[in-house]
Amino acid sequence: MAVHGRDRRGIQVADTEVPRQRFDEMRAEQVAGFYHNATPGTIGGMVAAVILASMLVYTKATAPRTAVIFLSLLGLSTVARMVLIHAYRKAKPPAWDWRRWSFGAIASSLTGGLCWGVGALFLLDPNRAEFQFIVFLTCAAMAAGAITALGTLLPAYYCNLFAIMVPTCVWSVLQGDVLHLTYSVLAVLWVAVIAILANSFSELLMKALRLQFANLDLANDLLSQKELAESANIAKSRFLASASHDLRQPVHALGMFVGALGDRALDDDSRRLVSQIQNSVGALDSLFGAILDISRLDAGVIESRPRTFAIQPLLERICREEAPEVKRKGIALHLLPCCLSVQTDPILFERVLRNLLSNAVRYTERGRVVIGCRRGDRLSVEIWDTGCGIPADQQGLIFQEFYQIGNPERDRARGLGLGLAIVERLTRILNIPMHMGSRVDKGSVFKLSVALAATGQAVTEPAQDSSVVAHRPLSILVIDDEVAIQEAMSSLLVGWGHSVVAAGSCTEMLDRAAGFTITPDLIISDYRLRDAENGIATIERLRNEFNNDIPAILITGDTAPDRIREATASDCFLMHKPVSNSRLRAAIINLAD
């Protein structure tokens, strides 16, 4: 609705298009201001009336009976207003109901004003001008003081102002002498000034209300946009989780088929093709592994396990891993020695340094990469490079997933754009501040502030992965709802010398295992099975059937954070698709020991 100037009740409104709901809300705030502020002024006015009447009675300027009548009428008005205020606070009316309470406030103000304006005439002593002007000044003071109490609702204040001042002005004019006429003129001027001030007060209030509601609209809009963004993010996560699972299934099967094929006798050309297929599967595995790392970090299932260890062996190890790429690119890699020890999770910290160093080598085409440490209250581990540098407007973007500088064609040789996203999450988990500096065409530096180990603390090295050793044949149950996975897993495991029983569901597996005379050595189950079954429940049911806590591997292609948390909490060895043959073999050996 379009509202301009003042409405028919004299309430000022904005000269803009105001929706009905917002119009009601603004009026409701004005009315609420009256009921919130009126109590002190109402009680104060009653106290002032008692003092004024007592003084007039004491000086014999007014008869006691007249004073009692005046105070009684004003007292009734005061009680009525307090009852009205109490009713309003108890009712807590909705915004659309403001009109009824506005009329009540206006009627209350008019009644109180008339009690003062008309009642004051009966308090006047016709023969003593000094007492008359005391009454006049008291009335004027009550009218002026009501601005803060009643000024939020301008019609109510105008009713109170004119009801108090008009009777005394008219009475003074009727007296006809210079003194009273002068008072009348001054009183009229004073009323005009007070009315203007009240109007200004109301305008300021309206501006404040408009600003308040504008801010509220902005906040609501921001909240709405935030909810939309969160909904879109949830939908994206669900889509990616489903897509990831569906993509991992055939890749998982392909990897096992290729592994089974690689164990057969092949000619050189066939073995070369198998090797190329394995490289492609490995590339997919790297991509899925990076996505999984992001999901596990977001799910909060990765925890820091701080230990004390020497920093130099770790730095030497990651430099050795990057040496072939450094040599291929013809750049230099310098490691500055450091004899200090730090206190953090060695595995996660090594992952951070490896990603940063790999990133520095990848984006350095000439010059060198330097890695070293500076000692202070904490140890600053720094990686410098003379690469292409990062523009200032992109330095905050490089920590986002899949964001890469200068790789619009998405060349896989230049990485996936997930390394720094993983680094940013890991440094938060490790509570390691990271500082980055970069200049275009000059190079970049990443600095990690790590806690130094306490003096005298024992220094340990994280255990290295043991090599795969020979293993005995096992009886393995495989549960997967996709026939291709069953066949691929069976072919691979049988090729490794194990006996395998594969099924698509828990019920099917129980039917096939009914004639078993031995307890299986291992259960391998997919997480998602048909008919809303899941691998965790299936594994538990099979364990109960055989009355044995059979070791189990739970394989999942889901990357949703809640799914990762659920799977991690189960009493199973969790693996994520696609599972490489070497990791599967190592897991089987570890669980069979």
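In what follows, residues are counted from 1 in the order of the sequence shown. What you see is a predicted model; the values in this text were computed from it and never measured.
If you take CG on Leu222 and CG on Asn215, they are separated by 12.0 Å, rounding to the nearest 0.5 Å. To the nearest 0.5 Å, atom OG1 of residue Thr182 and atom CG of residue Leu179 are 6.5 Å apart. Going from atom CG of Asn431 over to atom CG of Asp345 covers 13.0 Å, rounded to the nearest 0.5 Å. Leu379 contributes atom CG, which lies 5.0 Å from atom CG of Leu452 (distance to the nearest 0.5 angstrom). The line from CE of Met142 to CG of Leu137 is 13.5 Å long, rounded to the nearest 0.5 Å. Atoms CG and OG, from Asp97 and Ser102 in turn, are 11.0 Å apart once rounded to the nearest 0.5 Å.
Not a single side chain to side chain contact (heavy atoms under 4.5 Å, CB included) links Leu204 to another residue, sequence neighbours left out. Applying the salt bridge (charged side-chain N to carboxylate O under 4.0 Å, His left out) test to Arg378 and every residue at least two apart in sequence or in another chain returns nothing. For Pro306, the side chain to side chain contact (heavy atoms under 4.5 Å, CB included) test picks out Ser304, Gln343, with sequence neighbours left out. Partners of Tyr88 by ring-ring contact (aromatic ring centres under 6.0 Å, His included), not counting sequence neighbours, listed by chain and number: Tyr35, Trp101. Scanning for salt bridge (charged side-chain N to carboxylate O under 4.0 Å, His left out) contacts around Lys226 gives Glu230, with sequence neighbours left out. For Trp190, the side chain to side chain contact (heavy atoms under 4.5 Å, CB included) test picks out Ala140, Ala143, Ala144, Leu161, Met165, Ile194, with sequence neighbours left out. With sequence neighbours excluded, the residues satisfying side chain to side chain contact (heavy atoms under 4.5 Å, CB included) with Val170 are Val166, Leu174. By the salt bridge (charged side-chain N to carboxylate O under 4.0 Å, His left out) test, Glu533 pairs with no residue at all, sequence neighbours left out. Checked against side-chain hydrogen bond (donor to acceptor under 3.5 Å, both in side chains), Ser54 has no partners two or more places apart in sequence or in another chain.
A pairwise comparison of heavy atoms in Ala187 and Cys169 identifies CB-SG, 3.3 Å as the closest pair. Heavy-atom minimum distance, Ile85 versus Thr39: CD1-OG1, 3.5 Å. Annotation for Ala63 and Val57: closest pair O-CG2, 4.3 Å, computed over non-hydrogen atoms. Annotation for His36 and Arg89: closest pair O-NH2, 3.8 Å, computed over non-hydrogen atoms. The minimum heavy-atom distance between Ala195 and Tyr158, with the atom names listed, is O-OH, 3.4 Å. Nearest approach of Thr62 to Ala67, heavy atoms of both residues: CG2-N, 4.1 Å.
Here the side chains of Phe349 and Leu448 are in contact, with some heavy-atom distance below 4.5 Å. In this structure, the side chains of Phe136 and Ser172 come closer than 4.5 Å at one or more pairs of heavy atoms. Residues Leu154 and Gln30 have side chains not in contact (no heavy-atom distance under 4.5 Å, counting atoms from C-beta outward). By the 4.5 Å heavy-atom criterion applied to side chains, Asp177 and Tyr183 are not counted as neighbours. Side-chain atoms of Ile432 and Val352, non-hydrogen and from C-beta on, never get closer than 4.5 Å to each other. Counting heavy atoms from C-beta on, the side chains of Arg528 and Thr556 never come closer than 4.5 Å. Looking at heavy atoms from C-beta onward, Ile164 lies in side-chain contact with Asn160 at the 4.5 angstrom threshold.
Side chain of Ser108 to main chain of Gly104: no donor-acceptor pair is present (N/O by atom type, distance under 3.5 Å, no hydrogens or angles). Looking at Asn534, its side chain never comes within 3.5 Å of a backbone N or O of Tyr527 through a donor-acceptor pair.
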Kindly list each side-chain donor-acceptor pair under 3.5 angstrom involving residues 42-52, sequence neighbours excluded, with atom names and distances?
residue	atom	partner	partner atom	Å
Thr42	OG1	Ala38	O	2.7
Thr42	OG1	Arg81	NH1	3.0

Hey, can you pull the donor-acceptor pairs under 3.5 Å for the side chains in residues 109-116, sequence neighbours left out?
residue	atom	partner	partner atom	Å
Ser109	OG	Ala105	O	3.0
Thr111	OG1	Ala107	O	2.8

Contacts table for residues 120-135: side-chain donor-acceptor under 3.5 angstrom, sequence neighbours left out:
residue	atom	partner	partner atom	Å
Asp125	OD1	Asn127	N	3.1
Arg128	NH1	Thr59	O	3.1
Gln132	OE1	His180	NE2	2.6
Gln132	NE2	Asp125	O	2.7
Gln132	NE2	Pro126	O	3.2

